[in-house]
Structures are given as C-alpha cells and as structure tokens.
Amino acid sequence: MNTILQRTSAPTVQPHGEPADRTTHGRHPDGSPPEVNVSEGERRVSIAAGMGLIGLGLLRRGLRGLFLGGLGVALVRRGFSGHCAVYDRLDIHRAGFSSAGVPDNEGVKVEQSITIRRSPAEIFAFLRDPTHFPQFMTHLESVENLDAQHSRWKLKTASGRSRVWETALINHHANELLAWESVPGAEVQSAGSIRLEPAPGNRGTEVTVSLQYNLPGGPLGVAFARLFGETPEQQMREDLRRLKQRLETGEIATTSSV
Amino acid sequence: MKAVTWQGRHRVEVRSVDVPEIINPRDIVVKVTATAICGSDLHLYDGFIPTMEQGDILGHEFMGRVVARGSAIENLEIGDRVVVPFNIACGKCFFCEQTLTSLCDNTNPNARMAEKAYGKSGSGLFGYSHMMGGYPGGQAEYVRVPFADVGPLKVPEELEDEQVLFLSDILPTGYMAAENARIDHGDTVAIWGCGPVGQFAIQCALMMGAQRVIAIDRIPFRLELAGRDERVTTLHSDKTDLPEALSELTAGRGPDSCIDAVGMEAHGTTLGALYDQAKTAAFLATDRPNVLRQAIMACRKGGILSIAGVYGALVDKIPFGAAFAKGLTFRMGQTHVHRYMPLLLEKIRQGEIDPRFIITHRAPLEQAPELYELFRTKEDDCLKVVLHPGD
C-alpha cells in the first residue's frame, strides 16, 4: 500500500496520471470485461490467499467451511480478473499505480520526524520550493523548477554518476502537507511527502518526511548501502538535521569549507 | 600558523597548519592573544575521550581580536577584543532560548556520533573531539568562531587578558557548580577537587552565602590556596578518612551540598579508586567515579549533588541505593557559559573576583607539550597554564 501519497485526502492538485473518472468503473455498458482496479502484486496475493481459504474450507466442511470456501473463490476471482467490487464501491483505483511514483512493495521506504522551532507557515514557505532541497539534502546535486508543479531533480550517486528525473507535485495543503512523485518512465522512481503539525507546548513544528524510492541499482544496491555505507534512515536523519539548522539558524553547522 | 595538535595519548605537538577562514555568514576569525590549558584537556591528553584524531587542534579556553567576520555579523567589528565561550551555541533553538547553551540543538555537525553515545547531542565544542563537533580549538594563533553573533563577549580594554580569559570556561563552570548546589545561607558545602574549577567554585559558594566550605584534594599546594579564606576547611583526601571527617565536621548531619569538581579521572587510594584504576586499565569501564561515590555517601539527607567534573561514558558501582534512600538531588552538565559571562564580567570589573590567583605558569604556545606533561603530573605546583601565542 502506497500510503505516502495521501490520495484519499482532498488534493488541491490532481494526482499525476489518469484523473479518476467514475464512469470508467464497474462493468461497462457495452458488456466489455470489468475494469481492472487492483494492482499486480495485490492480484497475486489475492489468488494465493483465495486458494488457501478454499483448501481450509474443504478441510473444515460444514457451514464455516462453506463460508471460507466461498470467500476463497471470491478472492481467486478478484485476483484473476483484477477487478474488486469493494474497491469499486469505495472508489479506489489502484491498477495504474506502477505508472508513476514507486510500484508497490518495491524500493526503499523511510519515514522520520524532527521538531523545528519555526511556525508551520515558515517551514511550508521554504519547503514549497523544491529548489531549496539541495541545501540540506546532500545527495541531491540540484533541483530545477520546470513549471508550478514539475521540477527536474539531479542525484549524485556513490559511483559519481548523476541521475536526472522529473517530479510532479501531487498534493499540497497550505502549511500542512506537500507530496511529490516521479512522473511515469522516470529513471529514478520516487515518491515523497512532508507533513507539518504544530508541536505541543509551543515547541515549534513537528516535520515528518516519508520517502520511497527505487534506484536502477535495485534492492541489491540498497542492501549494499546498508552493509557498507549510510543507510537510508541515517541519510534522512542527517538531511532533517540540516533542514532544522538551516531554518532555525540560517546556516548549516560545519567545519569544512567545501 | 602554529597550533597545538593532539597526536595520541600523552603526545601533543606544535605544528604548522593553515590559517582558518570564514566559512559561514555568522563566523568570525579571532587572532588569539591568550589561551589556557584546561583540566578537561587532560582527559584528551590521557586518551579518555573517544573520536580524537591525530592532528586535531586542541584548546577551548581562548580570547583575542576579531580579524575577519562573515556577512551576517553586525555586533562585532574588526579589531574588537573578545572572550569566546568554549561551547558553540546558535542562539535560536529551544535550548538557547532558555540560555541552556551547552545543550544547543544546532551546532554539532557530528551530532550522530554523540547520539550514539548519549541518545541526544549537546552543543558543539571547540577542540574537544569529533563527537563534539570536530571544531579546531583555540590553542593556536588563529581560530574560526562560528555563530559569533551569539557567543563572543566584548571585553573592555582596561581589563588585562588574564583577568577575563577564564570567562571562556572555568569561571562560569565554578559559578554554575555553586549555583547548581542551591546554597542557602548557613549551608556547609563540600567541594571535591581544588583545581581551577574547584577554586572558583569555593569562591562562588562563599559569595552565595555558604557559611563553611570543606575543600578536598590530595595536593598540598592546592589545599593551601583553597584554605586562604578562614571559612574554608581543607581535607587531604589520601590522609583523611573522608566519610568520618565529613560527618564529624558537620556533627553527624553531612554537608548540605556536595560539589564534584573532579570528574571521571579521580585519583585516590581507597579500595574503590584502585578498583576503578584496574577496570579502566583493562578497558572494562571508561570513568573512575570515586568522588561521585564518596559524595553520595557523605551528603546529608535531602541534600544536593552538583557535578561540574566531566564524565564521559559509563560509571560502575555507584551507590544508587544510598542516593535514593537519602532523597538526594543531582544537578550537572556542561556549563552554559553564555548565561554567566556578562554577570561574571561585571563582578570582575567591580573587583568582586580576580581570577588571576589560579595562574601558576605562563609560556609561549611552543612550550605547550612540556606544559601539558607538567600539568598532568602536577609537578612544580602547576595549577593553571596560560599560553600566549606570538610571544
């Protein structure tokens, strides 16, 4: 489940990809097969779980066995068809998820928080412009705005190669939430959100960053980094610390002139 | 320029290094006119503090003149004479706003290292290991001072360097030690350690209304200096049964507050001290908390323990049951130098304190290696060394 994207909270900016259109859901009037609204990974899980339940139902027999078996059949059908009636009713549409952001269950996901002694409005004003990110995210070489929603991000990798991809702002609530994801076909698949909440007792603002990304190096590259280098968690911790320094003191504490 | 560098356990060398430059807008560069060796520098010298690297520039007590300033500095001019606090504070974070400047959130670039050891990181410090920020120290001809709009205190020209130099660390540290002891009029205060911080803590405790101070050390010269005031009773720690003496001097009550101005490298001949030496020598423990143990046992019921001596990591065999049973209060920490500097500068101007009485040795920077060794061995009645770069 790609929770980062916060698609359920009323977005002021349309999510990237196809806009949700109610008329495309359910069985089409012309009798074509039901529309696919379940993602690939979830379909596989659905089939496996359904088979398991059918087996369990056969073993149990009786009324309970019948119920379990029935549920299993429904799940298997859901998996093979890719259509979920419950999702349909709830207006959830997850089939196209791999086209933008990060596919389900892939890549690295990190979430960390820090308290910054600034108002949500001050922090939001700074973070609304992604070109500020390289000031505290040392792995980013540069970010360039393409238009109000789109920006081009350039990453420095450990091997010295840089990777460039395009990102779209997909969610944006003044002084509360910002969310980005990479556009379809990006070399680096990524999705990230920043949530701002006033800290209790006038302590400033609690800033929570979620980040999910999938580098071309894949899971192997990440495993390697965990073993021999900076883990994604450490990296984010340091980035957030620098963000706090930048916003509280106007500069970033250092002993190095480079 | 010349700088005193750490080269390993019991090895410091004066080396030629690059002159520091402005990096951030809130930086200044100071040309050092006076700098001191601190008792806590001996913890580095003795190899007790982790994350030191060969070539690190030592020193956190220094003063001098501003020779360069960053674009955001408006309160200081080139040529201003300043004393610099040993801890670096941003002035903007939650802790700085309460003048708890040694707990500053934003000045340790290596906070992750301190977090591993302590859970959370305090402020960055000059010349005190990479865990504390890796900032080059002030035992050098020049030093870069970050966040200079918050830290450095301008001092009047009519006061000599040696009158104000100790505002950088040990005078505020002695003052905070006494303040943490929450002294009431009529109190008896026991102070372990008559080094520079202990000497200042004695003065400050008396200033705050202590009726009597019991000063404890093992070096006759230091006890003599402490005992110049008739309100001070001195005890030689190796020649006295301390628990007995402290109880007797207070007719069985115990001192109202106890100040530990020694810290993790306590010396001694008691069973506890020998145990600590053996354990630290075998790297089974990092600190030798003999003073802490004695203070906990000696303190009166409901009394206060003020800890000014530095502890680095783990301590062993602390009689915590005694502390609990007697309802003791512990107050401690690195000094919030910024909080006390203006107040103490005023006391120096008024002649209430003259900190020069602790200085025993003065030398050019080049002689630092011999003086570190002298200070360590406490030979020649060495109590405080002041180095003058450029002499």
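All chains are named by letter (A, B, ...) in the order of the sequence lines, taking the proteins before the strands, and each is independently numbered beginning at 1. What's counted below: heavy atoms across the whole structure, side chains too, no hydrogens, waters or symmetry copies.
Listed in order of number, the residues of residues 244-252 of chain A that approach chain B to under 4.5 Å between heavy atoms are A:K244, A:Q245, A:E248, A:T249, A:E251, A:I252. Contact residues of residues 102-132 of chain B toward chain A are B:D105, B:N106, B:T107, B:N108, B:P109, B:A111, B:R112, B:E115, B:K116 (heavy-atom distance under 4.5 Å).
Here the CE-OG distance, from B:M63 to B:S168, works out to 9.0 Å after rounding to the nearest 0.5 Å. With rounding to the nearest 0.5 angstrom, the CE atom of B:M52 is 5.5 Å from the CH2 atom of B:W6. In this structure, the separation between CD1 on B:I37 and CG on B:L42 is 8.0 Å, given to the nearest 0.5 Å. Atom CD1 of A:I114 and atom CZ of A:R237 lie 5.5 Å apart (nearest 0.5 Å).
A donor atom on one side chain and an acceptor atom on the other are found under 3.5 Å apart for B:D41 and B:Q139. Side-chain contact, B:T51 with B:E53: no donor N or O sits under 3.5 Å from an acceptor N or O.
The aromatic ring centroids of A:W180 and A:F133 lie less than 6.0 Å from each other.
Proximity to chain A is absent for every atom of B:P146, based on heavy atoms less than 4.5 angstrom apart.
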With a cut-off of 3.5 Å and sequence neighbours excluded, list every side-chain donor-acceptor pair involving residues 197-208 of chain A.
residue : atom : partner : partner atom : Å
A:R203  : NH1  : A:G201  : O            : 3.1
A:T205  : OG1  : A:R118  : O            : 2.6
A:T208  : OG1  : A:S113  : OG           : 2.9

Determine all donor-acceptor pairs shorter than 3.5 Å in which one atom belongs to a side chain in residues 77-92 of chain B; sequence neighbours excluded.
residue : atom : partner : partner atom : Å
B:D80   : OD2  : B:E77   : N            : 2.8
B:R81   : NE   : B:D161  : OD1          : 3.3
B:R81   : NH1  : B:P156  : O            : 3.0
B:R81   : NH1  : B:L159  : O            : 3.1
B:R81   : NH2  : B:L159  : O            : 2.7
B:R81   : NH2  : B:D161  : OD1          : 2.8
B:N87   : ND2  : B:T335  : O            : 2.5

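Judged by distance alone, with hydrogens and angles left aside, the side-chain atoms of A:E238 form no donor-acceptor pair with the main-chain N or O of A:Q235 at under 3.5 Å.
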